[in-house]
Participant: 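Handing you a structure now.
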Protein chains: 2
Amino acid sequence: MVEDVTRTVRTPCLCHALRKASRAVSRLYDDELRTVGLRTTQFSLLAYLHRTGEVRQGDLGELMSLEETTVTRNVRPLVSGGWVSVRVGIDRREKWVTITEAGIAKLKEALPAWVRAQRKMKAVLPEQVWQNLLAVLPDVAQAAVQG
Amino acid sequence: MVEDVTRTVRTPCLCHALRKASRAVSRLYDDELRTVGLRTTQFSLLAYLHRTGEVRQGDLGELMSLEETTVTRNVRPLVSGGWVSVRVGIDRREKWVTITEAGIAKLKEALPAWVRAQRKMKAVLPEQVWQNLLAVLPDVAQAAVQG
DNA sequence: ATCTAATCCCTGTATATACATGTTTCATGG
DNA sequence: CCATGAAACATGTATATACAGGGATTAGAT
């Protein structure tokens, strides 16, 4: 019976593999970003908002595979920092999110830290693996949403 | 200046890619595991403890790329559920963690849910991608810890 | 114009995660 | 044997994440 469980579970769990790698890599990026007082999630949000311009809060979640309710909360520290501003839409149910000038400055300030982290990871992974991951991971996220 | 930031950030961020995929995949696994009242993290811990037998709490963290302080807290709901027990070591600073009989039963109960999730993901990913991820992700975690 | 259902977001609650710091216990040099 | 530092874990605090359920607003049918 015990052996039964063991045998089945021996197949590696994709979810666990992803989460474990996520934790380890996040710590490395956070180590660098800490020097400018940002976390990787916050950096990603700023970078994303900078690219897209003003976005509806719900769409932000969809595009980052984040629950709406999580977006609400993730945006909060950014608003507190003055890096992001939120306004009510014409449709007053909607919230529209924008990066502020201060946010753009912060993003610029954080860029070298992010580059260092990115370089570190690139340096310790075979080029093939690096390229492959960047190509494949978005599809994995997509597939899981469909799933 | 704005273009400057945009250009640099256009390179995909490995950390963001991993976290995004993690979230999406975790939701899929959690959807299944919810039917038996477990989360993917809890399932992974149980599965791990089942494989290894009694472990020192600190080692558990190391092997799962979890901070010690996070292990302390992740173990809590499992102890509350009666699926895991903790005892003080001969060296009284140490905590030794074991899966209980109830924990093994729970793991067995959860197995079909996990298999469903696993199959779902396998079904929506090319075989090559699936194999490659399972092979590569542990190395990524390892590399990040070294990094 | 009104009623109903859908949309969009928020709050409550719980887990997950990590860092800074604190506490207890052990090991080790003197 | 004692002092000091290291080891192992816990707590305080903050963010990240998600589900269940709730409130406000709008769209659509009648």
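Only this structure's heavy atoms are used, side chains among them; waters, hydrogens and symmetry mates stay out. Convention: sequence-line order gives letters A, B, ...; per-chain numbering from 1.
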Participant: In Å, rounded to the nearest 0.5 Å, how long is the span from CG of B:Leu46 to CH2 of B:Trp114?
Facilitator: 13.5 Å
Participant: Establish, with yes or no, whether the OP1 or OP2 oxygen of D:dA18 is under 4.0 angstrom from a side-chain nitrogen or oxygen of B:Arg39.
Facilitator: no
Participant: Identify, with sequence neighbours excluded, every residue that meets side-chain hydrogen bond (donor to acceptor under 3.5 Å, both in side chains) alongside A:Arg116.
Facilitator: A:Glu32
Participant: Please enumerate all residues that pass salt bridge (Lys or Arg N to Asp or Glu O under 4.0 Å) together with B:Arg27, with sequence neighbours excluded.
Facilitator: A:Glu67
Participant: List for me each residue that meets side-chain hydrogen bond (donor to acceptor under 3.5 Å, both in side chains) alongside A:Gln142, sequence neighbours excluded, and say none if there are none.
Facilitator: A:Gln146
Participant: Of all residues at least two apart in sequence or in a different chain, which pass the side-chain contact (heavy atoms from CB on, under 4.5 Å) check with A:Arg34?
Facilitator: A:Asp31
Participant: So which of residues 72-90 of chain A are in contact with DNA chain C, with a heavy-atom cut-off of under 4.0 Å?
Facilitator: A:Thr72, A:Arg73, A:Arg76
Participant: Sequence neighbours excluded, which residues qualify as side-chain contact (heavy atoms from CB on, under 4.5 Å) partners of A:Glu68?
Facilitator: none
Participant: Using the test side-chain contact (heavy atoms from CB on, under 4.5 Å), find all partners of B:Val55 that sit at least two apart in sequence or belong to another chain.
Facilitator: B:Leu49, B:Thr52, B:Asp59
Participant: Identify, with sequence neighbours excluded, every residue that meets salt bridge (Lys or Arg N to Asp or Glu O under 4.0 Å) alongside A:Lys106.
Facilitator: A:Glu109
Participant: I'd like to check the side-chain contact (heavy atoms from CB on, under 4.5 Å) partners of A:Leu63; sequence neighbours left out, ordered by chain and number.
Facilitator: A:Tyr48
Participant: Using the heavy-atom set of chain B and a strict 4.0 Å cut-off, write down the first and last nucleotide of DNA chain C that makes it in, 5' to 3'.
Facilitator: C:dT15 to C:dC26
Participant: Give, ordered by number, those residues of residues 57-70 of chain B having at least one heavy-atom distance below 4.0 Å to an atom of DNA chain D; if nothing qualifies, reply none.
Facilitator: B:Gln57, B:Gly58, B:Glu68, B:Thr69
Participant: Please figure out whether A:Arg92 or A:Thr40 has its closest DNA chain D nucleotide nearer the 5' end.
Facilitator: A:Thr40
Participant: Is there any salt bridge (charged side-chain N to carboxylate O under 4.0 Å, His left out) pair reaching into residues 126-139 of chain B, and which pairs are they, with sequence neighbours excluded?
Facilitator: B:Lys122-B:Glu127
Participant: Closer to the 5' end of DNA chain C via nearest nucleotide, is it A:Asp31 or A:Val71?
Facilitator: A:Val71
